[in-house]
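When reading the values below, keep in mind they use all heavy atoms of this one structure, side chains included, and skip hydrogens, waters and symmetry mates.
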Amino acid sequence: MVDTKTPDDKKLSVPSKTLSLKPRVETGTVRQSFSHGRSKQVVVEKRGKRRIDGSPEPQAPTVVAKPAPAAPAPAPSRPAPPRNAGSGVVLRTLTEDERSARASALADAKVREVEERRVAEDEAQRRAVREAAERAEREAAESRRKAEEERHRHEDEAKRKAETEAKKRFGEGEQPASAARPATAAPAAAAPRPGAPAARPGTSTTARPGTTTARPGTTTARPAGGPVGRAPAVAAGPDEDDGPRQIRRGPGGAARPVVAPKPTHKPGPQKERGRLTVVTALNADEVRERSIASFRRRTQRLKGHAANEPKEKLIREVIIPEAITIQELANRMAERAVDVIRMLMKQGAMHKITDVIDADTAQLIAEELGHTVKRVAASDVEEGLFDQVDDSTDIETRSPVVTVMGHVDHGKTSLLDALRHANVVSGEAGGITQHIGAYQVVSPESGKTITFIDTPGHAAFTAMRARGAKVTDIVVLVVAADDGVMPQTIEAINHAKAARVPIIVAINKIDKPDAKPERVRTELLQHEVQVESFGGDVVDVEVSAKNKTNLDKLLEMIALQAEILDLKTNSERPAEGTVIEAKLDRGRGPVATVLVQRGTLRVGDIIVAGAEMGRVRALISDQGETVQEAGPSVPVEVLGFNGPPEAGDRLAVVENEARARQVTSYRAHQKRENAAASISGMRGSLEQMMSQLKTAGRKEFPLIIKADVQGSLEAILGSLEKLGTDEVAARILHAGVGGISESDVTLAEGFNAAIIGFSVRANKEAAAAAKRNGIEIRYYNIIYDLVDDVKKAMSGLLAPTLRETMLGNASILEIFNISKVGKVAGCRVTDGTVERGANVRLIRDNVVVHEGKLSTLKRFKDEVKEVQSGQECGMAFENYHDMRAGDVIECYRVETIQRSL
């Protein structure tokens, strides 16, 4: 610090600048970017150069020291610093060390600055030399290019002048046809091409008198009429704006300007023509064309500039299915998948590019990005297959479909046989209907056709009756007059009410002596079926299928009910129908009984039913005749399916095979998913897991079932499922329609299962394989017998029941120890009998201490089988000798009882 004093004796503090050799440094941070999105924060220091401009350093101001006022004798430590006489500032002089340090620092700075100036001057000189060389090279290239252009221009001008002169001379008849190029090309040819070799010494380029020396390959021009060697003088005109001009001087000396045509090519270096060889490549001029790599780099730069420009966002209509991957969603939106994943991460969901998201999430993402969404589902492939509205102008009346329902053995099939004048009952196994059938009957009075569907009455065929009620227009409820309303009658009433179709009650078997039709009507009232005779709206007819009584009246009531319903449809549209029954015929393949409900089914149509498709190969009517088409309300057998469809599936005609494959593949996928869901759902909830633990020890009876038609197979499976209990159940390894094949036998061999055939037989190879491997095959035609036999076989898997039967009691009086035998109890039988080999309990103080069997039962010295009450005997236990006097021996027998389902 420098001490200062003011005239008012005030003390001030003035800081002095500290001398330093540290360079001026500016520090900052810069983020450095690398590939793949990586970056790094680095520290950058900027050092400033100390510039010395050569000007003389500013000298310190000369300060005149002011003598200090008189004062007491100061301390002799160091001399007082001089003062400024004008301002009173006291200056501190530098020490020798400080002056030497400052001088050395200044010297070093000057040396360093001189060195930097020298390096900068050398670099500037080298840069100037390099730039001069590059500039000279560019100027040389430019001069060569201009010379080449000038040479080409002169050659073209000389060529045009020669051609013009030759044309004019040929027109005036002054030159023969063999004349060559005139001598006007000499000035152009005389100009040497840049880089061309000079003429050899000793050679002369002077032409002979009257001739003109042209380029190699040209001919000598000679005038036709004048003396040899006199050619007309041709000179270039002075007009440069209108293009090259020529002045032709004729024999008389008159000058006549000739204007040459303007060149059509663009000025510039001409592209070299011809084959590219090593010689031509090495001798080529230095003017080179743009390379392909250079052109590609330029294109990439232009693309890069275009990519940096903001693009206008395209708004798209995005089609979103029920499930979609992130990659596919990004492609449909024309967005980056990274942006989609980033938006999902903002919502708290971590996903990969291959993950599948649901339709709701995809719609949220697409709408947030500004796109419009169109939701579609996999089930959209079924749109338009069914229930299309008919044109009201093309509809026509169709025949009614009547389903005959009722209890088993109430005469349904017999009634249909009487109407059709057929005898279906005689061909049925066991006298009961086990298949659903469809027939057509012509009314004798009106001549109209009525379609009847016969359903089984057995309890196992509930699904068949339900299908019959769904496709029908009218239900005929057959009730036996001698039997009344039965369980399947009630079930048929419920099916009809669920289908919301009218009911006609046919009271059958009125010819029997114990028939009571009034009882039937009364019992129907309990199930909300009120006939007309009781004031209701349900028609009832008393008929007899055996005597064919009142059958015409029944047909009349059906026709009247059909007129009330006013059944109409369009027969010209593609067909729709329902599969009533399906089977696998060995000779004809998959066969389906179809009831056409709308439109007309023709041979050759492409059809879809459930997960099966095909092309109609043949149509067979209920009479067994082959027909070409089937209209509304007509039942036919359809041949041509790829596989047997399931009973109850809806049938539709599609326009092409591609649509049929789409529909069937979707339905097959849904079928597999439902089966997988049912399997996985078994281990879903805690209750289901507990039920599995309960049934973990359940015994299973493996079976393979083959039936003739789909409906019978369905009924068999339903009946066997009802037989299962917590201890034993039937395990269906395979169930299908058709004959028994070798694959069925192989499957049964692997699981030690039994094979059941319902109205089908095994082929020769399958029967031989079953006999060879010891596989049992059982054939049935009646569902009662099949269910009973399976029930007995499953009952054999049940654990038997053990039941105890008390024989008697005995009290121990004394214990005897006999050598070689052990302890023997002397007993008296108090009640009942005691038998040798029976089970016994040893009871002491009313507590059972041992359970076992008697090993010895003696009366006196003899072994006896039993001892009656009141007698004394000796008894010994097997492997037990801890007996005491006063104990009680309880004797009993264990009986095994076989259980049944």
Side-chain angles (χ1 to χ4, degrees), residues 693-702 723-731 752-754 774 776 778 787-901:
L693 291 176
K694 290 181 181 179
T695 59
R698 184 170 63 174
K699 297 180 180 179
E700 294 180 342
F701 185 57
L723 294 178
T725 62
D726 294 339
E727 299 181 28
V728 65
R731 180 187 178 189
N752 195 20
E776 182 182 8
R778 291 198 176 189
V787 174
D788 291 343
D789 286 356
V790 174
K791 186 176 181 180
K792 291 178 182 177
M794 292 173 60
S795 299
L797 298 177
L798 293 174
T801 302
L802 301 179
R803 187 171 62 184
E804 294 181 0
T805 302
M806 290 299 301
L807 297 178
N809 294 327
S811 60
I812 300 177
L813 302 178
E814 191 67 35
I815 302 297
F816 301 98
N817 196 355
I818 301 175
S819 60
K820 297 182 181 181
V821 177
K823 292 183 179 181
V824 177
C827 308
R828 177 184 293 118
V829 179
T830 56
D831 59 344
T833 60
V834 176
E835 296 179 358
R836 186 178 59 185
N839 294 329
V840 293
R841 293 189 184 95
L842 181 63
I843 302 174
R844 182 179 301 158
D845 297 331
N846 295 326
V847 177
V848 177
V849 296
H850 175 69
E851 288 189 11
K853 288 187 176 182
L854 285 177
S855 60
T856 302
L857 179 62
K858 288 187 177 183
R859 179 156 175 75
F860 298 108
K861 294 183 179 181
D862 301 329
E863 287 279 349
V864 294
K865 290 184 177 181
E866 63 177 9
V867 178
Q868 300 293 330
S869 176
Q871 297 179 354
E872 295 181 355
C873 62
M875 289 186 286
F877 293 169
E878 292 180 355
N879 302 323
Y880 189 77
H881 302 286
D882 185 14
M883 296 176 290
R884 300 177 186 176
D887 292 348
V888 177
I889 298 175
E890 185 180 274
C891 186
Y892 63 95
R893 184 190 300 121
V894 178
E895 296 179 356
T896 301
I897 300 176
Q898 186 64 38
R899 297 166 56 197
S900 62
L901 293 175

(message) Tell me which pairs pass side-chain hydrogen bond (donor to acceptor under 3.5 Å, both in side chains) where either residue lies in residues 869-885, with sequence neighbours left out.
(response) R828-E872
(request) Would you name the heavy atoms of N752 and P702 that are closest together and state the gap between them? (result) O-CG, 3.7 Å
(request) Would you indicate whether the side-chain heavy atoms of L857 and V867 approach each other to under 4.5 Å? (result) yes
(message) My understanding is that only residues two or more places apart in sequence, or in another chain, count here; which of them pass side chain to side chain contact (heavy atoms under 4.5 Å, CB included) with D788?
(response) none
(request) Would you give the length of the straight line joining atom CG of L807 to atom CG of N839, rounded to the nearest 0.5 angstrom? (result) 9.0 Å
(message) Using a 3.5 Å distance criterion without hydrogens, assess whether the side chain of D831 forms a donor-acceptor pair with backbone atoms of N809.
(response) yes
(message) Rounded to the nearest 0.5 Å, what separates atom CG in D887 from atom CZ in R844?
(response) 4.5 Å
(message) Which heavy atom of T856 sits nearest to which heavy atom of E863, and what is that distance?
(response) CG2-OE2, 3.3 Å
(message) Ignoring hydrogens, what is the shortest heavy-atom contact between C827 and A810? Give both atom names and the distance.
(response) CB-CB, 4.2 Å
(request) Could I get the full list of ring pair (Phe, Tyr, Trp, His ring centres under 6.0 Å) partners for F877, not counting sequence neighbours? (result) H850
(message) Nearest 0.5 angstrom please: S795 OG to E727 CD, how far?
(response) 11.0 Å
(message) For L802, is there any backbone N or O sitting under 3.5 Å from a side-chain donor or acceptor partner on T896?
(response) no
(request) Indicate the atoms forming the closest heavy-atom contact of E700 with L797, along with that distance. (result) O-CD1, 3.9 Å
(request) List the atom of I812, the atom of M883, and the distance in Å for their closest heavy-atom pair. (result) CD1-CB, 4.3 Å
(message) A quick test of your reading: do over 12 heavy atoms of other residues, nucleotides or ligands sit less than 6.0 Å from CG of N817?
(response) yes
(message) For residues 850-859, which residue pairs pass the salt bridge (Lys or Arg N to Asp or Glu O under 4.0 Å) check, not counting sequence neighbours?
(response) R841-E851
(message) So, applying side-chain contact (heavy atoms from CB on, under 4.5 Å) with I889, which one of V840, V829, T830 is it?
(response) V840
(message) How long is the straight-line distance from CE of M794 back to NZ of K699, given to the nearest 0.5 Å?
(response) 12.0 Å
(request) Could you tell me which residues satisfy salt bridge (Lys or Arg N to Asp or Glu O under 4.0 Å) with E866, sequence neighbours excluded, listed by chain and number? (result) none
(request) Could you pull out all residues at least two apart from R893 that satisfy salt bridge (Lys or Arg N to Asp or Glu O under 4.0 Å)? (result) E835
(request) Can you see which heavy atom on T833 is nearest to which on Q868, and at what distance? (result) CG2-OE1, 3.1 Å
